[in-house]
Structures are given as structure tokens and as C-alpha cells.
Number of protein chains: 2
Amino acid sequence: MIRLLIADDQALVRGALAALLQLEDDLEVVAEVARGDEVVDAAIESSPDVALLDVEMPGIDGLAAARLLRDAVPSCRVLMVTTFGRPGYLKQAMSAGASGFVVKDTPARQLADAVRRVHSGLRVVDPTLAAESLTQGDSPLTEREADVLQAARSGGTVAAIAGTLFLSEGTVRNHLSSAIGKTGARTRAEAVRVAVDNGWLLPH
Amino acid sequence: MIRLLIADDQALVRGALAALLQLEDDLEVVAEVARGDEVVDAAIESSPDVALLDVEMPGIDGLAAARLLRDAVPSCRVLMVTTFGRPGYLKQAMSAGASGFVVKDTPARQLADAVRRVHSGLRVVDPTLAAESLTQGDSPLTEREADVLQAARSGGTVAAIAGTLFLSEGTVRNHLSSAIGKTGARTRAEAVRVAVDNGWLLPH
DNA sequence: ACGTGACCATGACAGGTGTCACGGCCTTGG
DNA sequence: CCAAGGCCGTGACACCTGTCATGGTCACGT
């Protein structure tokens with residue numbers, strides 16, 4: 001019997017995944033949580049063999065939750081299950097100690113197999129996504145550039161960004177200009193779009 | 001036996017929902033599709049009693065699919081099941097002839113009941129969402145303003161927007177300015193964010 | 001027929017934005 | 001030690017944006 005923990009913020013999806021996996025004879029859902037910061041506590045209490053983690057979650061995101069879970073309950077393998085196949089997410093997930101990475105586009109029948117493979121110590125990675133992740137390397141953005149771009153997501157003006165980050169307006173403009181150049185964009189909004197699509201910015 | 005059609009672009013979610021509903025004795029999944037433009041054909045072939053439609057789908061979105069389905073197979077009731085609780089979506093869904101509107105945050109157990117209610121002719125609406133939809137009225141944007149804002153989503157410059165919409169740059173600026181004023185924003189990016197959050201722009 | 005309002009366009013203007021050059025402070029690594 | 005590179009800041013400049021005034025066409029409801 002493989003014991004499972006399921007973490008997904010959408011209750012309907014979470015319950016449906018549980019129902020789907022519960023159909024398998026060798027799988028057993030022992031915990032369900034809706035927030036990233038509930039993962040570790042639930043795992044300690046229910047000691048699952050495999051944890052299915054969504055990337056987009058309130059509290060802390062699935063990537064951070066995977067890191068914490070790795071330290072708190074090393075016996076539990078992590079299988080990331082996410083909506084968006086952003087190449088950057090895969091790298092972050094792997095460096096966070098995840099054993100597998102599956103997008104929600106994959107057929108339902110394959111999920112149970114992915115869980116079994118992860119449980120037996122194998123790595124499960126979406127092949128097309130792995131290719132994308134290899135061709136296009138790491139994020140070219142420096143930490144501050146990512147911060148500034150992140151602050152620019154809500155659409156505020158330079159002054160607003162400078163205010164929230166306690167920076168000079170000139171510095172913000174420089175970081176934005178650099179980020180725009182690196183992403184091949186022509187405006188800050190386009191740069192944000194590119195960065196988000198590639199998973200170079202944190203979820204949210 | 002209530003016959004069901006499930007439309008969702010994410011294969012995993014679609015399969016999981018099917019598994020969840022299949023557990024009920026009085027429910028039967030007779031068709032699954034991944035694209036909006038496959039809904040009508042599948043419905044004609046399998047003649048379901050209730051169709052669960054996601055709003056975000058490739059091809060045509062769930063709202064348009066609901067309208068087409070309403071005309072092609074009037075005997076089939078429509079229950080929208082969507083990720084984002086944008087107030088504007090609810091209005092559009094209702095005017096498209098949907099009988100119910102459920103967000104994916106709702107508990108899994110309630111879904112089967114929602115399906116049964118819709119099948120028996122009742123309307124099912126998320127109460128909190130209904131309240132939001134009432135307090136904040138229809139979209140204040142005119143058709144062209146919405147078009148321009150939609151074109152501005154990718155982050156292009158005014159010239160680019162004017163090019164794709166075959167408009168003068170001055171006209172684009174005017175429409176953007178008007179949209180910015182109506183949304184209470186200060187920049188176009190912020191206006192886009194507000195409009196998207198309220199469901200005033202088409203999905204995607 | 002008339003007013004209203006959406007739509008398109010032009011022109012002009014203040015202010016914001018993106019770019020560049022320059023300098024200074026750090027930490028890292030040869 | 002010293003170069004390299006990320007980080008922060010200033011200042012200046014061309015360009016783009018957002019706003020406003022103005023005017024024209026068209027469809028509409030009274």
C-alpha cells in the first residue's frame with residue numbers, strides 16, 4: 001500500500017484526484033491539504049510515502065513546500081503536479097528535491113503509474129518539458145532584476161515600484177531596462193509576460 | 001441515470017472529475033472532451049443530460065460553447081465549472097443559457113449535488129460570487145475599449161496595437177485612456193489587470 | 001428632426017519611460 | 001592584490017504615454 005498526501009488549493013481538483021487515485025488497489029490517500037504551509041504538518045502526522053504537490057498554492061508555493069518537506073520527512077518522495085509547464089519550474093522543483101514533475105495535461109491513467117515510479121525511487125519528468133528546460137538555460141535575470149520585475153507585475157508606475165522596494169527611481173529604471181534587454185522585450189509589460197511564461201518569477 | 005459530458009482542457013483534471021462523479025450510483029459519464037469546439041459534436045453523439053464546461057479552453061471558450069450547445073442540444077443543461085471566480089464570467093454564463101456556475105474551490109462532495117440540482121431544473125450559483133456580481137455591475141468598457149485592452153495584454157507598444165487593430169495610434173491612446181479612467185487605474189497594465197480580474201475581457 | 005453616445009481621427013502637451021554614460025560600494029575568484 | 005561582476009545611485013536625453021480639446025461620421029431612441 002502506497003500512502004499518499006495530496007496538496008492542491010482547488011478543493012474540487014483535490015477531491016477528484018483523491019477519488020481517481022483511490023480507485024487503484026495499491027494506493028491510499030492518507031492526507032489532503034489546501035495550503036502550502038500545511039504540507040509539512042500533515043506529512044508528519046500521516047507519514048505518507050509520496051506527496052503530490054501543486055506549485056500554485058496559498059501560504060507558501062509548492063516548490064518551497066517541497067524543500068521543507070525534504071528536510072522534515074526525508075522518507076517521503078515528492079511528485080510535483082502543476083497546471084503550467086513553465087520550464088523554470090522544473091529546474092526549481094528538481095533542485096528542491098522533487099522526484100517527479102507532471103503537468104495537468106497528462107492523461108489521467110498515467111498518474112497512478114507516475115506515483116508508483118516515484119515511490120520505487122525512479123524519476124518522472126514530462127519529456128517535452130525536459131527538452132524545453134534544457135534548450136533554454138537558467139534565468140538570465142539577476143535577483144534584483146527579478147524583484148523589480150515582480151513588483152512591476154501589478155502594473156504600478158516606476159515611483160510605486162521604487163517605493164515598495166526602497167530603491168531610487170533611477171535604479172528601478174536601470175534594472176527594468178536590463179531585464180527588458182535580457183528578455184528580448186520592448187516594454188516592461190512584455191518583459192513580465194516573457195519572464196512569467198518561462199517560470200523566472202515566483203508563482204502568484 | 002444522469003448522463004454527463006465533461007469538458008476541460010487539463011486531461012488530469014478531466015479524468016479525475018470523471019472518476020469522482022462515476023462513484024455516484026446515479027451518475028454516468030458518457031463523454032469527455034478537451035476543447036471547446038468539440039463540445040457540440042460530442043453532445044450530439046452522446047446526448048448527455050448535463051454538460052460540465054470549463055471556461056478556459058482552447059478552440060472556443062466555455063461560454064461560447066455553452067451558447068452553441070444551448071441551440072444545438074436544448075435538452076442538455078449546462079453547469080459551468082471554472083477555476084477563476086471572475087464576477088463577469090457568471091453574468092456571461094447565465095446569459096449564455098447556463099443553469100449553474102461552480103468554482104473549483106467548492107468541496108468535492110457538493111459537485112454531485114450540484115449536478116443533480118441542475119438536472120432537476122434548478123439553478124446552482126456560488127453564493128459569494130453572486131453577491132460580488134450584483135454589487136459590481138456590468139462591464140463599463142465599450143466594445144472597442146475592450147478590444148484595445150485585450151490587444152494590450154501581450155505588452156506591445158501603442159504602435160503595435162494600432163497595427164493589429166487597423167487603428168490610428170491616437171485612437172488607440174484615446175481608447176486606452178478611457179479604459180484607464182473607467183477602471184480607476186493609472187497605467188494600461190494596471191487597467192488590464194483590473195479588467196481581467198473582473199472578467200471584463202475574454203478568456204486567454 | 002433632434003439629441004445622445006459610441007467610434008474614429010488629429011494635434012498638442014506634460015509627464016513618464018527606456019537608454020546610456022558615469023561613478024561608487026561591495027563580494028568573489030584568479 | 002586586483003579584476004570582474006552584481007548592486008545602487010545620479011544625470012541627461014529621445015521617445016513613448018496618458019490626457020485633453022476638437023471635430024467628424026454613424027446608429028439609436030425620443
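When reading the values below, keep in mind they use all heavy atoms of this one structure, side chains included, and skip hydrogens, waters and symmetry mates. Please read these numbers as outputs of a predicted model, since none were measured by experiment. In what follows, chains carry the letters A, B, and so on, assigned in the order in which the sequence lines appear, proteins first and then strands, with residues in each chain numbered from 1.
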Interatomic distance, [X] [atom1] vs [N] [atom2] [rounded to whole Å]:
{"X": "A:E190", "N": "C:dG18", "atom1": "CD", "atom2": "C1'", "answer": "13 Å"}
{"X": "B:L176", "N": "C:dG16", "atom1": "CG", "atom2": "P", "answer": "18 Å"}
{"X": "B:K182", "N": "D:dG18", "atom1": "NZ", "atom2": "P", "answer": "16 Å"}

Fill in: Spacing of A:I60 atom CD1 and A:L202 atom CG [to the nearest 0.5 Å]
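The CD1 atom of A:I60 sits 12.5 Å away from the CG atom of A:L202.
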Discussion item. Please report the interatomic distance CG(A:D61) to CG(A:D9), rounded to the nearest 0.5 Å.
Written reply: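 Answer for the CG-CG pair, A:D61 versus A:D9, is 11.5 Å.
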Worksheet item: Which ones in residues 143-154 of chain B lie close to DNA chain D, meaning a heavy atom under 4.0 Å from one of its atoms?
Response: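 DNA chain D contact set from residues 143-154 of chain B: none.
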Item to complete: Please list residues of residues 157-175 of chain A whose heavy atoms come under 4.0 Å from any atom in DNA chain D, ordered by number; otherwise none.
Response: A:L167, A:S168, A:G170, A:T171, A:R173, A:N174, A:H175
Determine whether [X] and [Y] make a side-chain contact, defined as any pair of heavy atoms from C-beta on separated by less than 4.5 Å.
{"X": "B:R188", "Y": "B:V158", "result": "yes"}
{"X": "B:R77", "Y": "B:V124", "result": "no"}
{"X": "A:V55", "Y": "A:L63", "result": "yes"}
{"X": "B:L149", "Y": "B:W200", "result": "no"}

Worksheet item: At under 4.0 Å, does any side-chain N or O of A:R188 touch on OP1 or OP2 of C:dT17?
Response: yes
Item to complete: From the options D:dT19, C:dG18, C:dA6, select the nucleotide whose nearest atom is closest to the side chain of B:T142.
Response: C:dA6
Worksheet item: Looking at five pairs on each end of the helix from C:dA1-D:dT30 to C:dG30-D:dC1, what is the angle between the two axes, given to 10 degrees?
Response: 30°
Worksheet entry | Partner residues of A:R153 under the side-chain contact (heavy atoms from CB on, under 4.5 Å) criterion, sequence neighbours left out |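 A:R153 satisfies side-chain contact (heavy atoms from CB on, under 4.5 Å) with A:Q150, A:V192, A:V196, A:L201 once adjacent residues are dropped.
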Worksheet entry | Partners meeting side-chain contact (heavy atoms from CB on, under 4.5 Å) with A:T83 (sequence neighbours left out) | A:E56, A:K104, B:Q10
Worksheet entry | CA sep, side-chain torsions, deciding dist, call: A:L12, B:L111, side-chain contact (heavy atoms from CB on, under 4.5 Å) | CA-CA 8 Å; A:L12 211 51; B:L111 184 61; 3.9 Å; yes
Practice prompt. Return each pair, listed once, that meets side chain to side chain donor-acceptor pair (under 3.5 Å) where at least one residue sits in residues 110-119 of chain B; pairs must be two or more places apart or across chains.
Written response: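 Non-adjacent pairs meeting side chain to side chain donor-acceptor pair (under 3.5 Å): B:E24-B:R116, B:D26-B:R116, B:D113-B:R116.
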Fill in: Criterion side-chain contact (heavy atoms from CB on, under 4.5 Å) against B:L5, the qualifying member of B:V78, B:L69, B:L53, B:V73
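Per the side-chain contact (heavy atoms from CB on, under 4.5 Å) rule, the option paired with B:L5 is B:L53, out of B:V78, B:L69, B:L53, B:V73.
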